[in-house]
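Quick note: numbers below take in every heavy atom, side chains included, and nothing from hydrogens, waters or symmetry partners. Residue numbers start from 1 in every chain, and the chains themselves are labelled A, B, ... in the order their sequence lines are given, proteins ahead of strands. Values in this document were obtained by computation on a predicted structure and should not be read as measured data.
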There are 2 protein chains.
Amino acid sequence: MTKTSPSPAAIKAWARLMRVSRQLMEKVEDALKENGLPPLAWYDVLHELAEAGEGGLRPFQLIERTLFAQYNISRLLARLEADGLIEKLPVADDGRGQTIRITGSGRETRRRMWAAYGRSIAELVGARLPVEDLETLATLLGRLRDPPAGD
Amino acid sequence: MTKTSPSPAAIKAWARLMRVSRQLMEKVEDALKENGLPPLAWYDVLHELAEAGEGGLRPFQLIERTLFAQYNISRLLARLEADGLIEKLPVADDGRGQTIRITGSGRETRRRMWAAYGRSIAELVGARLPVEDLETLATLLGRLRDPPAGD
DNA sequence: TCCATATCAATGCAACTGCATCTATATGGA
DNA sequence: TCCATATAGATGCAGTTGCATTGATATGGA
């Protein structure tokens, strides 16, 4: 028999989690907008692609690494390509697929985004909790992940 | 001089916060959909209105209590009204305004939503951390709120 | 080889969001 | 009283998301 009614502590943690994450996300989006930069979603993709290096990534790999839906990635990549931040290359051994590679312009945009994004994280998170508490927070959040294992 | 570059601990906490909150939110939305229920946003409003009781709330009060933008509340209320879950009443002493009151049908929908929503919270949050950790989590998240005071 | 099924990615359509603006009423001061 | 300004809420429009489906290639078995 599974428990179906949440404890007050669970409800409170949930409510805080929802509220704080939305609030902080909004602040970051605002900071990016103020600096004339693209939305946060672009950063996530550019970040993954930058880490992947010259080999690039397949769209389905981006879906695995980020939390975007397939159609979302498809259109996001179309926008990034239109802006010259990525390029789509055909894949030799799979005619259905493509490899996505970040361009120089893409790296530059990512860098400028990080200037605003990183500053926001420092102010909104880093400056509000000591390192020890930040680590505790990360650990506790980690236990809520799905699947509840790995890093 | 303000620090502009976030610590690794801050980055990790931030990343977890974003990822976990999105993941959990999505799971809750899925659970609601599977039960043929409206999206989470509707719950937030119905919840506030149910707590407010017969006196109802003005739209701007809903904006204060939730994190919705003005235009968002305006249209959300239109949908809720179209579904008969709320009613809009004129305000005696302010011709610009209206009072929003939840209907019986609204309370019933809220109740059915809570059955799925509460179960999700119990499974996704309550079952994954002991009460003490849930309280710690809520406290730490509370320090990230804006403004960083009050409850 | 041929076909059924699976996988990769794109897209039509309806709903929703964000932004800016608009209408209507309220309020305070000249 | 009259007007400038402020506040409450709605809305047009463009961009984005979610859902379902489609087009295209791959793969494995008969």
A.B. asks: Starting at atom CD of A:Gln61, determine the distance to atom P of C:dT7, rounded to an integer number of angstrom.
C.D. replies: 16 Å

A.B. asks: Ignoring backbone atoms, establish whether A:Lys88 has a side-chain N or O less than 4.0 Å from OP1 or OP2 of C:dC8.
C.D. replies: no

A.B. asks: Which atoms form the tightest heavy-atom contact between A:Ala10 and B:Val125, and what is the distance?
C.D. replies: O-CG1, 4.0 Å

A.B. asks: Rounded to the nearest Å, what distance is computed from the CZ atom of residue A:Phe60 to the P atom of nucleotide C:dA6?
C.D. replies: 18 Å

A.B. asks: Is there a Watson-Crick or G-U wobble partner for D:dG29 with both distances under 3.5 Å, and which nucleotide is it?
C.D. replies: C:dC2

A.B. asks: May I ask you to evaluate whether B:Gln98 reaches the phosphate of D:dA10, defined as a side-chain N or O under 4.0 Å from OP1 or OP2?
C.D. replies: yes

A.B. asks: Take the protein atom CD1 of B:Ile63 and the nucleotide atom P of D:dT7, then report the distance between them rounded to whole Å.
C.D. replies: 14 Å

A.B. asks: Under a 4.0 Å N-O cut-off, is there an ion pair linking B:Arg16 with A:Glu135?
C.D. replies: no

A.B. asks: Rounded to the Å, how far apart are B:Leu77 CG and D:dA10 P?
C.D. replies: 7 Å

A.B. asks: Name the one of A:Asp44, A:Leu76, A:Leu49 that satisfies side chain to side chain contact (heavy atoms under 4.5 Å, CB included) with A:Leu62?
C.D. replies: A:Leu49

A.B. asks: Do B:Ile100 and B:Pro59 have side-chain heavy atoms sitting under 4.5 Å apart?
C.D. replies: yes

A.B. asks: Under 30°, 30 to 60°, or over 60°: which ring-plane class applies to A:His47 and A:Tyr43, parallel, tilted or perpendicular?
C.D. replies: parallel

A.B. asks: Can you measure B:Ile73 atom CD1 to D:dT11 atom P for me and round it to whole angstrom units?
C.D. replies: 16 Å

A.B. asks: Just how far, in rounded Å, is C1' of D:dT25 from CZ of A:Arg58?
C.D. replies: 11 Å

A.B. asks: Does the protein touch nucleotides 15-25 of chain C at the base, only the backbone, or not at all? Give it as B, S and - per nucleotide, heavy atoms under 4.0 Å.
C.D. replies: -SBBB----BB

A.B. asks: Hey, are A:Glu34 and A:Lys27 close enough for a salt bridge, meaning a charged N less than 4.0 Å from a carboxylate O?
C.D. replies: no

A.B. asks: Do the side chains of B:Asp83 and B:Arg79 get nearer than 4.5 Å, heavy atoms only?
C.D. replies: no

A.B. asks: In whole Å, what is the span from the CD atom of B:Glu29 to the P atom of D:dT17?
C.D. replies: 15 Å

A.B. asks: Starting from C1' on D:dT17, measure out to CG on A:Leu40 and report it in whole angstrom.
C.D. replies: 16 Å

